[in-house]
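Residue numbers run from 1 in the order of the sequence given.
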Amino acid sequence: MNGMKRVCGLCAVLCLLCTNPAHAAAKEELMGSTMVGDVAVFILSDGYRDLDASLFLAIDSGQVAAVKDIYPGGKTRNSLNTFLLKSGGRLVLVDTGGGSLLGSDAGGLPKALAAAGFTPQDVTDVILTHVHRDHIGGLGLGGRAAFPGAVIHISKVEHDFWTNPENEAKAPERTRGTFATTREMLALYPGKVALFEPGGELFPGIRTIAAYGHTPGHSAVLVSSKGENLLLWGDLLHGLDLQLAKPDIAIAFDWDPAAAVSSRKVLLSKAAAEGWRVSGVHVPGPEAYRIRAEGQGFSLVR
C-alpha cells in the first residue's frame with residue numbers, strides 16, 4: 001500500500017507538470033512511472049548530454065544517409081536515464097547515471113529520487129548494466145557511497161574484465177579511464193559487491209539477460225510480473241530512432257561492435273515478438289515503448 005501511494009503521488013505530480021510548462025521545464029529530472037504487474041517502475045533522469053552523430057559507425061552509403069537524415073545538425077541530445085524498481089521489500093536502482101563524472105550535464109539522480117518520494121538511503125540494491133561512467137558514476141557522492149545501504153550487483157564477466165590489471169595494460173588508451181572508474185566506485189562499497197551470471201532472477205520479477213558487445217559483460221534487465229514484461233536494455237541503443245530502423249549501425253563506444261549489433265538484433269526481435277515494453281538509459285521521453293519488426297529493422301508502436 002505504501003508503494004502504491006508513492007506511485008500515485010508521483011503520477012499526480014506528473015499531471016501537474018504536464019499542465020504547468022514552467023514547472024515542467026524546472027523538473028526535467030522527473031520522468032515518469034509505470035506498473036509492470038506488481039512491480040512499480042520509476043523512470044528517472046540523471047540529465048542529458050549532446051553527442052556528435054559521427055560517433056555512430058555508419059559503414060555504407062545507406063547508413064551514412066540515415067545518420068544525416070535523423071541528425072541533420074550533426075548532434076543528438078542523449079538522455080541519461082536511471083530506473084527505480086519497487087518489488088516486494090526491495091528498492092532496486094538500475095544504473096546510477098554519471099554523477100559528478102559528467103560535469104554539469106548529469107548529477108540529477110538525487111533530485112529525481114526525492115521527486116519520486118525516496119532517499120538514497122532507501123535504495124537496497126543497485127544493478128549495473130555495465131561500468132561506463134554514465135552508468136556507474138552516480139555510485140559515489142563527495143568521495144562516499146551515494147547509496148550506503150545498497151548491495152551493488154554486476155555481472156561476473158563485466159566485473160572480472162574491468163578489475164583485471166592485465167586487461168588494463170593491454171587496453172586502448174581511450175578505455176583506460178573505465179578501469180580506474182570501476183575500481184574507485186566499487187571500492188566505496190567494501191564487502192557489498194555481488195556478482196551474477198546473466199539469465200537468473202536476482203529478485204522477484206527482476207532478472208538479467210546477457211547482452212554482450214557494448215562492453216564485455218553488458219547486461220539488460222527484464223522486469224516480469226503477472227504476464228507483463230518490461231525490458232530495460234542498458235546501452236543496447238544510443239540513438240532510438242536511428243538504431244531501431246538500422247540495427248546494424250554500431251557506435252564508437254562499443255567494445256565489440258559486431259557483438260553489440262548481434263545482441264541488439266536478438267533482444268529487439270525478442271521484445272517485438274513477445275510484446276515486451278522497452279526502455280533504456282539513452283531512450284528519450286517519460287514512457288516505456290513497444291516495438292515491432294519492420295523490414296530489416298524495427299519501429300515504435302505508437
Side-chain angles (χ1 to χ4, degrees), residues 2-3 6-7 10 29 31 33 36 39-47 80-102 106-160 162-163 178 181-198 200-208 215 217-223 230 232 234-235 280-281:
N2 192 41
R6 280 172 167 165
V7 173
L10 179 56
E29 73 274 1
M31 297 285 282
S33 68
V36 180
V39 182
V41 180
F42 299 82
I43 305 173
L44 309 176
S45 175
D46 188 57
L80 300 171
N81 300 334
T82 64
F83 302 89
L84 191 66
L85 314 177
K86 186 170 178 57
S87 176
R90 316 299 296 186
L91 192 63
V92 183
L93 187 65
V94 180
D95 289 327
T96 70
S100 61
L101 297 186
L102 296 183
L109 179 56
K111 290 182 179 179
L113 277 173
F118 300 99
T119 71
Q121 289 73 25
D122 293 330
V123 176
T124 61
D125 302 270
V126 176
I127 301 175
L128 297 173
T129 61
H130 62 297
V131 297
H132 283 165
R133 61 180 183 169
D134 54 333
H135 298 254
I136 196 174
L139 281 177
L141 185 64
R144 297 184 178 183
F147 308 100
V151 174
I152 312 304
H153 302 264
I154 180 174
S155 81
K156 187 176 188 304
V157 172
E158 185 78 352
H159 173 274
D160 290 356
W162 295 107
T163 58
T178 303
T181 298
T182 301
R183 285 196 304 270
E184 292 167 6
M185 291 297 149
L186 296 185
L188 300 175
Y189 297 82
K192 300 177 74 174
V193 177
L195 308 184
F196 64 80
E197 297 286 352
E201 188 175 62
L202 290 183
F203 311 104
I206 303 172
R207 69 182 180 93
T208 57
T215 62
H218 178 261
S219 302
V221 174
L222 183 66
V223 184
L230 170 61
L232 304 175
D235 275 11
V281 170

Participant: Could you list the residues that satisfy side-chain hydrogen bond (donor to acceptor under 3.5 Å, both in side chains) with Glu184, not counting sequence neighbours?
Facilitator: none
Participant: To the nearest 0.5 Å, how far apart are CZ in Phe118 and CG in Leu91?
Facilitator: 5.0 Å
Participant: So, using side-chain hydrogen bond (donor to acceptor under 3.5 Å, both in side chains) as the criterion, who are the partners of Thr182 when residues are at least two apart?
Facilitator: none
Participant: Enter the distance from Thr96:OG1 to Leu44:CG here, rounded to the nearest 0.5 Å.
Facilitator: 12.0 Å
Participant: Only counting residues at least two apart or in another chain, list the ones meeting side-chain hydrogen bond (donor to acceptor under 3.5 Å, both in side chains) with Ser219.
Facilitator: none
Participant: Kindly give the heavy-atom pair with the smallest separation between Gly280 and Asn81, and that separation in Å.
Facilitator: O-ND2, 3.3 Å
Participant: Before giving the answer on side chain to side chain contact (heavy atoms under 4.5 Å, CB included), spell out for Val131 and Thr181 the whole-Å C-alpha distance, their side-chain angles and the decisive distance to 0.1 Å.
Facilitator: CA-CA 8 Å; Val131 297; Thr181 298; over 6 Å; no
Participant: Identify which one of Thr82, Asp235, Asp46 satisfies the side chain to side chain donor-acceptor pair (under 3.5 Å) criterion when paired with His135.
Facilitator: Asp235
Participant: Please name all residues satisfying side-chain hydrogen bond (donor to acceptor under 3.5 Å, both in side chains) with Thr163, sequence neighbours left out, ordered by chain then number.
Facilitator: none
Participant: List in chain and number order the residues that pass side chain to side chain contact (heavy atoms under 4.5 Å, CB included) with Ser100, two or more places apart in sequence or in another chain; answer none if no residue qualifies.
Facilitator: none
Participant: Set out, in order, the CA-CA distance, both residues' side-chain angles and the distance that settles side chain to side chain contact (heavy atoms under 4.5 Å, CB included) for Asp122 and Leu113, then state yes or no.
Facilitator: CA-CA 10 Å; Asp122 293 330; Leu113 277 173; over 6 Å; no
Participant: Show the numbers, then the answer: is there a side chain to side chain contact (heavy atoms under 4.5 Å, CB included) between Leu232 and Leu85?
Facilitator: CA-CA 11 Å; Leu232 304 175; Leu85 314 177; 4.1 Å; yes
Participant: Is there a side-chain contact between Ile136 and Ile154 in this structure, where contact means two heavy atoms from C-beta onward sitting under 4.5 Å apart?
Facilitator: no
Participant: Applying side chain to side chain contact (heavy atoms under 4.5 Å, CB included), name anything that partners Thr215, two or more places apart in sequence or on another chain.
Facilitator: His130, His132, Glu158, Trp162, His218
Participant: Compare every heavy atom of Gly217 with every heavy atom of Ser155, then report the nearest pair and how far apart it is.
Facilitator: OG-O, 2.9 Å
Participant: What residues, two or more places apart in sequence or in another chain, satisfy ring pair (Phe, Tyr, Trp, His ring centres under 6.0 Å) together with His153?
Facilitator: Phe203
Participant: Would you kindly say whether Asp95 and Thr129 are connected by a side-chain donor-acceptor distance under 3.5 Å?
Facilitator: yes
Participant: Within the structure provided, determine whether Met185 and Ile152 are in side-chain contact (heavy-atom separation under 4.5 Å).
Facilitator: no
Participant: Kindly compute the distance separating OG1 (Thr208) from CZ (Phe196), expressed to the nearest 0.5 Å.
Facilitator: 4.5 Å
Participant: Please tabulate, for side-chain N and O atoms in residues 143-151, each donor-acceptor pair with protein atoms closer than 3.5 Å (sequence neighbours left out).
Facilitator:
none

Participant: Do any pairs count as a salt bridge (Lys or Arg N to Asp or Glu O under 4.0 Å) and have a residue in residues 145-155, sequence neighbours left out, and if so which ones?
Facilitator: none
Participant: Please collect all salt bridge (Lys or Arg N to Asp or Glu O under 4.0 Å) contacts where either partner lies in residues 146-157, sequence neighbours excluded, each pair once.
Facilitator: Lys156-Asp160
Participant: Once salt bridge (Lys or Arg N to Asp or Glu O under 4.0 Å) is applied, what residue pairs with a partner in residues 124-139 remain, sequence neighbours excluded?
Facilitator: Arg49-Asp134, Arg90-Asp125
Participant: Could you go through the side chain to side chain contact (heavy atoms under 4.5 Å, CB included) check for Phe83 and Ile43 one step at a time?
Facilitator: CA-CA 5 Å; Phe83 302 89; Ile43 305 173; 3.9 Å; yes
Participant: Got Leu93 and Leu109 here, is their nearest side-chain heavy-atom distance under 4.5 Å?
Facilitator: yes
